[in-house]
Amino acid sequence: MVDLLSQYEKIKEEVDAGIRETIEQTAFINGPSVKLFQSELANYLKVKKVITCANGTDALQVAMMALDLQAGDEVITSNFTFIATVEVIALLKLKPVLVDVDPDTFNLDPKKIEEAITPKTKAIIPVHLFGQSADMDEILRIAKEYKLYVIEDAAQALGTNYNLAAGKQQKAGTIGTIGTTSFFPSKNLGCFGDGGALMTNNEELGEKIRVIVNHGSKVKYYHEEVGINSRLDTIQAAILRVKLQHLNSYNKARKSAANYYDALLAGYDQIQTPVRSANSSHIFHQYTLRIKTGKRDEIRQKLAEQDIPAMIYYPVPLSLQVAFLSAGYKKGDFPVTELLCEEVLSLPMHTELNNAQQEYIAEHLLKII
Ligand SMILES: *Cc1c(COP(=O)(O)O)cnc(C)c1O
């Protein structure tokens, strides 16, 4: 699905030098590269504060801790996403309220958000899925009307541009109250292990987040609140500093690969190629088709026989995950998510794809269909 080795080989010297420098400085925890990377990422995103942490799941947890959400508060999020989002909601004893998605963009359907709001609702977590921003204009409007926080999960959308109705362009993850992201190796900006970050334009919140990720402490061994230990390793920060300089070109490479898939796969009713939203750029964290023949799993199997990997993100709606059955959702509650879970198929997508590989993939996919 990805080719991280070929990508590494092109930046090997710089990356290796950063790793070596960290080791020689023995600056493993909160070393100079961590601070530099935080400010470089803040510059790139044009956001006031970036606070790194250990992974994208922690980033979501810390965001909810920083907003002082209390047990029983309701948090609205997408039913069609990775488990991390609802996992931390549940972990903090908050109540996840799932909402169905748009069948074309796979992102939260704003109309359904409004229907899910109750007096206990405190926050909305849009997940910018597969590389496209959710409909932030509508989400901000709803959040303002009902006085809700917005935590943007930008783990799959680092570098995505969103055009606000007011005419301003902002990076996904910097529009709501807090944004979160992940540097998991296969993400668009990935390190060589785990990593994550939070973004905010609210300086006070930024300060609070910094305290929470550091054991609730501003001054060593003095603890003002209950925090956690969640840090980005200096070695990972050194790698990310190098890769951040290439993020725009990485995202561009994914986009041109997506355009080429689109061209190769155009004109077949059996498959729906990714639909581009009107207000968001697409950085193609995933290139996800909808297979309309009802034979997605068979097609995936036959692709595998030709050594073509294809993945299902995601096979089960969060509403039907065994871990959350106690929430009382049942089959039929989320028709769009349930259909997508049966139809979606993601093709290999990364920065090193070449035309010949894509032609091989498309040719076999079309033959199978
Ligand atoms: C990857 C991902 C996360 C979690 O990131 P980790 O760094 O693996 O904890 C959260 N949300 C979404 C949408 C993701 O894709």
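Quick note: numbers below take in every heavy atom, side chains included, and nothing from hydrogens, waters or symmetry partners. Both counts, for ligands and for their atoms, begin at 1 and track the order of listing.
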Atom [atom1] of residue position [X] - does it have more than 12 heavy atoms of other residues, nucleotides or ligands inside 6.0 Å?
| X | atom1 | answer |
| --- | --- | --- |
| K292 | NZ | yes |
| E305 | CD | yes |
| K95 | NZ | no |

Margin query: Going by ring-ring contact (aromatic ring centres under 6.0 Å, His included), name the residues that satisfy it together with F28, two or more places apart in sequence or in a different chain.
Written below: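 F28 satisfies ring-ring contact (aromatic ring centres under 6.0 Å, His included) with no other residue.
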
Next item on the list: Could you name the protein residues that come within less than 4.0 Å of ligand 1, counting only heavy atoms, and order them by chain and residue number?
Entry: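 Close residues (ligand 1, cut-off 4.0 Å): N55, G56, T57, T81, F82, A84, V127, D153, A155, Q156, S182, F184, K187, G195.
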
Notebook entry, point to check: When the aromatic ring centroids of Y8 and F192 are compared, is their separation below 6.0 Å?
Noted result: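 Yes - the distance between ring centres of Y8 and F192 falls below the 6.0 Å cut-off.
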
Notebook entry, point to check: ring pair (Phe, Tyr, Trp, His ring centres under 6.0 Å) between F37 and F183: does it pass, once the steps are laid out?
Noted result: CA-CA 12 Å; F37 174 64; F183 306 118; 5.4 Å; yes

